[in-house]
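One structure below.
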Amino acid sequence: MKEYIRRRKKLFEMMDDQSMLFVFAGDLIKKSADATYPFEVNRNFYYLTGVDEPQAVLVLNKLNHEHQTWLFVRDIDPHLEKWNGKYMTQAQAQAISGIDTVYYLSQFKGLLQQRLTRNTIKHVYVDSERLSESDIQSTGEAFAQSLRKQWLLPVNNAYPLIAGLRAIKDELEIQKLKAAIDITNEAFLAMLRNTQSGKYEYELQAEFEYVLKKYNSKPAFDMIVAAGGRACILHYIENDQPIEADTLILTDVGATQAYYCADISRTFPSDGQFSDEQRTLMGVVLEAMDKVIEACQVGVTMAHLNRLVIEHYQERLVALGFIQAASEVRDVYYHGVSHMLGLDTHDVGYLDNAPLVAGNVITVEPGLYFESLNLGIRIEDNILITDAGPVNLSEHIIKTPAAIENYMQQNKPI
Ligand code: GLY
Ligand code: MN
Ligand code: MN
């Protein structure tokens, strides 16, 4: 609760005086007929409130340099509660968010009208993340437009302000990320213990998802279990093919904890033993990984980190004879090495050329993809940037050929 108060205070400090700021939780999205997808809260809203409830609205009022916070939750509907479960009460919302003034949504229009007619509001900020999906009364684009047209108010996007805050993780966020990474580790080892050629890729997926479910954790993204050449497709999520003998399996997986995402890739052999060629290429990727992690310092850009990977590959792959010319690297490595990580897997934050700051959490994920050799390798760790250097939050998840072979030898499927 204290964290949410602190985060809102920082946001208040960025707002002009005589202004209001609106963030919407978003709504349930229709799947088909009367079925909806499971609710996915707007992460900006969750970041500022901890509340995970459809249609809720956060309003920050900054008036004469005073901060006033409102939270709106759905009006309790006893009939619908019988079908869909309990709605969040005012008291619950208050306890989670630390916001004293919690209203029901039916009061939203009236309170807004009252505040705006007093003519003291000069600026309005609206978080653009869920605008078009939320159906709370007159929200959506219509909400921003009505503020502009009816009240002649300039509407600014709150999204970049919130994204700037989210890019720098606080202690609670690091704890949640670590918890997500720990579940991912356990689930990854369950896959390793059950790996054998002849099985289908989805059988490994089932092992992973079983462990997540035991922790009431959800996958951070559609997981990838790609054996052989299928690993060269970056977003291969079908996971529906049999695993060939003595091939490499690339897994890119992540658990969540309170919406915080782990994002971990590991590559291992289908029958517990790397071939010489596979081991050599794993070594090249791991060297790139070490170089990049060491370079994850305050002030460095992600573009620079990616250049380190490319330069390393240019040198090593030509020397080893896997490519003939440095220019061929882009044929075998065709994504970036890092992105921000947090409440989203591809989290909000800086562009490639912005320097990293303490509190950023990024991935480091060099890969190599040789369709001609029927293999793809990606190894991905999650790194916290600090003033004292990089902290590898996923260091304990085994990744070297020696550690993986050892584990697989000692934990063969029955
Ligand atoms: N799992 C998505 C990514 O690594 O970016
Ligand atoms: Mn990944
Ligand atoms: Mn990633």
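As the structure lists them, so they are numbered: ligands from 1, and atoms in each ligand from 1.
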Review point. What pair of heavy atoms forms the shortest contact from Gln297 to Pro390, and how long is it?
Key: NE2-CD, 3.5 Å
Practice item. Would you verify whether the NZ or CZ of Arg74 falls within 45 degrees of the ring axis of Tyr87 while also being under 6.0 Å from that six-membered ring's centre? Key: yes
Hey, what polar pairs (N/O, under 3.5 Å) does ligand 1 make with protein?
residue	atom	partner	partner atom	Å
ligand 1	1 (N)	Asp252	OD1	3.2
ligand 1	1 (N)	Asp252	OD2	3.2
ligand 1	1 (N)	Asp263	OD1	3.1
ligand 1	4 (O)	Asp252	OD2	3.3
ligand 1	4 (O)	Asp263	OD1	3.4
ligand 1	4 (O)	Asp263	OD2	3.1
ligand 1	4 (O)	Glu365	OE1	3.0
ligand 1	4 (O)	Glu380	OE1	3.3
ligand 1	4 (O)	Glu380	OE2	3.3
ligand 1	5 (O)	His339	NE2	3.0
ligand 1	5 (O)	His346	NE2	2.7

**Study point:** Side-chain ion pair, Glu13 and Lys9, N-O less than 4.0 Å
**Key:** yes
Check your understanding: Among protein atoms, how many N/O/S atoms lie less than 2.8 Å from the Mn ion (ligand 2)?
Key -> 4
Practice item. Describe, in one word, how the ring planes of Tyr333 and His335 are oriented to each other, choosing from parallel (under 30°), tilted (30 to 60°) and perpendicular (over 60°). Key: perpendicular
Review point. Is there side-chain contact between Glu3 and Tyr47, with at least one heavy-atom pair below 4.5 Å?
Key: no
Review point. Are the ring centres of Tyr334 and Tyr369 closer than 6.0 Å?
Key: yes
Practice item. May I ask you to check whether Phe370 and Phe322 place their ring centers less than 6.0 Å from one another? Key: yes
Exercise for review: Report yes or no: does His339 have an N/O/S atom closer than 2.8 Å to the Mn ion (ligand 3)?
Suggested key: yes
Point to revise | Main-chain N/O of Ser97 paired to Thr49 side chain as donor or acceptor, under 3.5 Å | key: no
Which donor-acceptor pairs under 3.5 Å do the side chains of residues 202-210 make with protein atoms, sequence neighbours left out?
residue	atom	partner	partner atom	Å
Glu203	OE2	Tyr200	N	2.8
Gln205	OE1	Asn239	ND2	2.9
Gln205	NE2	Glu209	OE2	3.0
Glu207	OE1	Asn194	ND2	3.4

Exercise for review: Name all pairs fulfilling the side chain to side chain donor-acceptor pair (under 3.5 Å) condition that reach into residues 169-180, sequence neighbours left out, sorted by first residue then second.
Suggested key: Arg7-Asp170, Lys169-Asp347, Glu173-Tyr260
